[in-house]
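I have placed the structure first, in the form of structure tokens, so that the comments after it can refer back to it.
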Amino acid sequence: MIKILIADDQELIRESLKIVLDMNNDMKVIGLAENGQKVLECIEKNLPNVILMDIRMPELDGVLCTKIVKEKHPDVKIIILTTFDDDDYVYHALKYGASGYLLKGCSVQELTSAIHTVMSGGSILNKDITATVVKLFNQMAQTNIVLEVDAKGAEELTQTEKKIANLVGNGLSNREIAEKLFLSEGTVRNGLSSVLSKLNLRDRTQLAIWVVQTNYNFKTD
């Protein structure tokens, strides 16, 4: 059973999401929180597997709450609920360990699929705002917020792994990468896992941020 905590400052959204998610046989909403401070109180009583985290909340926003939760409970998966106006917030939430983001108003199928994806170790980059966030990554790359990677591992990347990393940095999904490189999705998944292992990065979101910060500095033949 996937235990879910819903954090949103709007009661209607919290209650609506609870009704929808509790309809799934493998999911149970174990708590509702109207702000980040309530999230921290809730997880001390009953630790969830997944938190659906609104960005803009009073007292403690979703970005700082994500940072605190991931520091204390790194195995808890966090999906950011966002709007088109939250790009800067999204960047920092991803940097602090969120597994991805969804637009508010996404379909029920997209939401349940996202939860299953992060539970299996994947990340969610909503296709409708990936381009916007990638653009923001470029802007943030000029700041001093830099993800550290294993330099030796970066040198050991194969040509295919470099190509996969570059395309992840462009926001492409595994399927899109497979089509572009004429590979199977399985090969892409294995290649991505190898890249993350060699660079000592947690997931494709961190990889995307790092690739952009290094100005796509993977030279390929």
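For reference, positions follow the sequence shown, starting with 1.
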(message) Measuring from atom OG1 of Thr82 to atom CE of Met53, what distance do you get when rounded to the nearest 0.5 angstrom?
(response) 13.0 Å
(message) According to a hydrophobic-cluster definition based on side-chain heavy atoms being under 4.5 Å apart (Ile, Leu, Val, Met, Phe, Trp, Tyr only), do Ile78 and Leu64 belong together?
(response) yes
(message) Using side-chain heavy atoms (C-beta onward) and a distance below 4.5 Å, is Glu11 in contact with Glu34?
(response) no
(request) Go through the steps to decide whether Asn200 and Val149 satisfy the test side-chain contact (heavy atoms from CB on, under 4.5 Å), and finish with yes or no. (result) CA-CA 6 Å; Asn200 196 28; Val149 302; over 6 Å; no
(request) Could you tell me whether the side chain of Asn35 reaches within less than 4.5 Å of the side chain of Asp9, counting heavy atoms only? (result) no
(message) Given Ile80, which partner from the list Asp54, Val63, Thr66, Leu102 fulfils the side chain to side chain contact (heavy atoms under 4.5 Å, CB included) test?
(response) Thr66
(request) Please examine the side chains of Ile43 and Val76, heavy atoms only from C-beta on, and report whether any two atoms are closer than 4.5 Å. (result) no
(request) Not counting sequence neighbours, which residues clear side-chain hydrogen bond (donor to acceptor under 3.5 Å, both in side chains) with Lys70? List them please. (result) none
(request) Supply the atom-to-atom distance Leu40 CG to Glu59 CD, rounded to the nearest 0.5 angstrom. (result) 11.0 Å
(request) Working to the nearest 0.5 Å, report the span between CD1 of Ile51 and SG of Cys65. (result) 6.0 Å
(message) Donor-acceptor pair, distance only, cut-off 3.5 Å: does the side chain of Ser197 make one with the backbone of Ser193?
(response) no
(request) Would you give the length of the straight line joining atom NZ of Lys104 to atom CD of Gln10, rounded to the nearest 0.5 angstrom? (result) 5.5 Å
(message) Test side-chain contact (heavy atoms from CB on, under 4.5 Å) on Asn174 and Leu192; report intermediate values, then the result.
(response) CA-CA 9 Å; Asn174 284 354; Leu192 176 58; 4.0 Å; yes
(message) Does atom CG (Asn25) have a neighbourhood of more than 12 heavy atoms from anything else shown, all under 6.0 Å?
(response) no
(message) Using modelled atom types and a 3.5 Å cut-off, is there a donor and acceptor pairing between side-chain atoms of Glu110 and backbone atoms of Ser107?
(response) yes
(message) Counting neighbours of CE on Met1 that are heavy atoms of other residues, nucleotides or ligands and sit closer than 6.0 Å, is the number greater than 12?
(response) yes
(request) Kindly compute the distance separating CD1 (Ile6) from SG (Cys42), expressed to the nearest 0.5 Å. (result) 11.0 Å
(message) Any non-hydrogen side-chain atom of Leu167 less than 4.5 Å from a side-chain atom of Val188?
(response) no
(message) To the nearest 0.5 Å, what is the distance between CD1 on Ile13 and CG on Leu81?
(response) 8.0 Å
(request) Would you check if the side chain of Arg14 reaches a backbone N or O of Asp8 as a donor-acceptor pair within less than 3.5 Å? (result) yes
(message) Can you give me the closest heavy-atom contact between Leu199 and Gly153, atom names plus distance?
(response) CD2-C, 4.3 Å
(request) Would you confirm whether Glu155, through its side chain, and Lys152, through its main-chain N or O, come within 3.5 Å as a donor-acceptor pair? (result) no
(message) Does this structure show an ion pair linking Lys38 with Glu41, if we count only N-O contacts that are shorter than 4.0 Å?
(response) yes
(message) With a 4.0 Å cut-off on N to O distance, would you call Lys67 and Glu71 a salt bridge?
(response) yes
(message) Quick one, Leu111 and Leu52 - any side-chain contact, counting heavy atoms below 4.5 Å?
(response) yes
(message) Tell me whether the count of non-hydrogen atoms from other residues, nucleotides or ligands lying under 6.0 Å of NZ in Lys28 goes above 12.
(response) no
(message) Do Asn46 and Lys3 have side chains that approach each other closer than 4.5 Å (heavy atoms only, starting at C-beta)?
(response) yes
(message) Do Asp26 and His116 have side chains that approach each other closer than 4.5 Å (heavy atoms only, starting at C-beta)?
(response) yes
(message) Before you tell me yes or no, could you show the steps for Lys198 and Glu161 under side-chain contact (heavy atoms from CB on, under 4.5 Å), namely the whole-Å CA-CA distance, both residues' side-chain angles and the distance that decides it to 0.1 Å?
(response) CA-CA 10 Å; Lys198 288 179 180 179; Glu161 289 170 349; 2.9 Å; yes
(request) May I ask whether Ile30 and Ile4 are part of the same hydrophobic cluster, defined by side-chain heavy atoms of I, L, V, M, F, W, Y residues being less than 4.5 angstrom apart, directly or through others? (result) no
(message) Using every non-hydrogen atom in the two residues, find where Val118 and Ser99 come nearest and quote the distance to one decimal.
(response) CG1-CB, 3.6 Å
(request) Please step through side-chain contact (heavy atoms from CB on, under 4.5 Å) for the pair Val29 and Ile19, ending with a clear verdict. (result) CA-CA 9 Å; Val29 175; Ile19 292 171; over 6 Å; no
(request) For residues Lys77 and Asn49, determine if any side-chain heavy atom of one lies less than 4.5 Å from a side-chain heavy atom of the other. (result) no
(request) Determine the sole option in Asn190, Thr160, Ile177 for which the side chain to side chain contact (heavy atoms under 4.5 Å, CB included) test with Leu183 is passed. (result) Thr160
